[in-house]
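Below: one structure, written as structure tokens.
We count residues from 1, following the sequence as given. The basis for the numbers below is simple: all heavy atoms, side chains too, and nothing from hydrogens, waters or symmetry mates.
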Amino acid sequence: MRNKELIVGLFVIAGFLGFAYVSLQFGEFSVFDVQKRTLIRAEFDNVSGLKQGANVEMSGVVIGKVAAISLNETDRAMIDMQIDDGYRITDDAIASIRTQGIIGDKFIKIIQGGSADMLENGDVITDTESAIDIEEMISKYIFGKM
């Protein structure tokens, strides 16, 4: 009888560990993630709809994630982006907030500049384009304030 209980107990533990592993992998979170990332920051006037964890893309390729969104001392939105190791961003790059499709999720699009100098860990992208607020545009059109 003890043998059956031990086998069932081990089977339950193995099932739980398998479920936890699969959940972490599909959730794009890994306990064993040791990939080196570079912190790059950008200041925006408006980040309406952008969320932590949103993609950072360059030429249509995901190169990182939005790590944090906060207000700086000048009341502008400060975005912290974790850029995957191996991707370099020029110091004259442009960061813009875009929407996937018409009403899709927001993401940050990086457009490289022509400079030979690269941003280092903690540097700030100064040339940015804020999010377009569709609701505000519609409201201006409806109420004739365009």
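Asp92 contributes a side-chain N or O that, together with a main-chain N or O of Gly114, makes up a donor-acceptor pair within less than 3.5 Å. Looking only at distances, no side-chain donor or acceptor of Ser96 sits under 3.5 Å from a matching main-chain atom of Glu129. A donor-acceptor pair is defined here as one N or O able to donate and one able to accept, closer than 3.5 Å; no such pair exists between the side chain of Asn55 and the backbone of Glu57. Panel note: side chain Gln82, backbone Ala68; no donor-acceptor pair is recorded below 3.5 Å.
With contacts defined as side-chain heavy-atom distances shorter than 4.5 Å, the pair Ile79/Val47 qualifies. When side chains are defined from C-beta on, Ile125 counts as touching Ile110, because their heavy atoms get closer than 4.5 Å.
From Lys109, atom NZ reaches atom CD of Gln100 across 12.0 Å, with rounding to the nearest 0.5 Å. With rounding to the nearest 0.5 Å, the separation of OG1 in Thr90 from CG in Asp117 is 9.0 Å.
Annotation: Asp105, atom CG; neighbour count of heavy atoms from other residues, nucleotides and ligands within 6.0 Å does not exceed 12.
Scanning both residues, Glu43 and Asn72, for their nearest heavy atoms gives OE2-ND2, 2.9 Å.
Looking only at atom types and distance, the side chain of Asp91 has a donor-acceptor partner in the side chain of Ser115 under 3.5 Å away. Using modelled atom types and a 3.5 Å distance limit, the side chains of Arg76 and Thr74 yield no donor-acceptor pair.
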Stepwise side-chain contact (heavy atoms from CB on, under 4.5 Å) test for Arg41 and Met81: CA-CA 6 Å; Arg41 308 181 94 195; Met81 299 173 283; over 6 Å; no
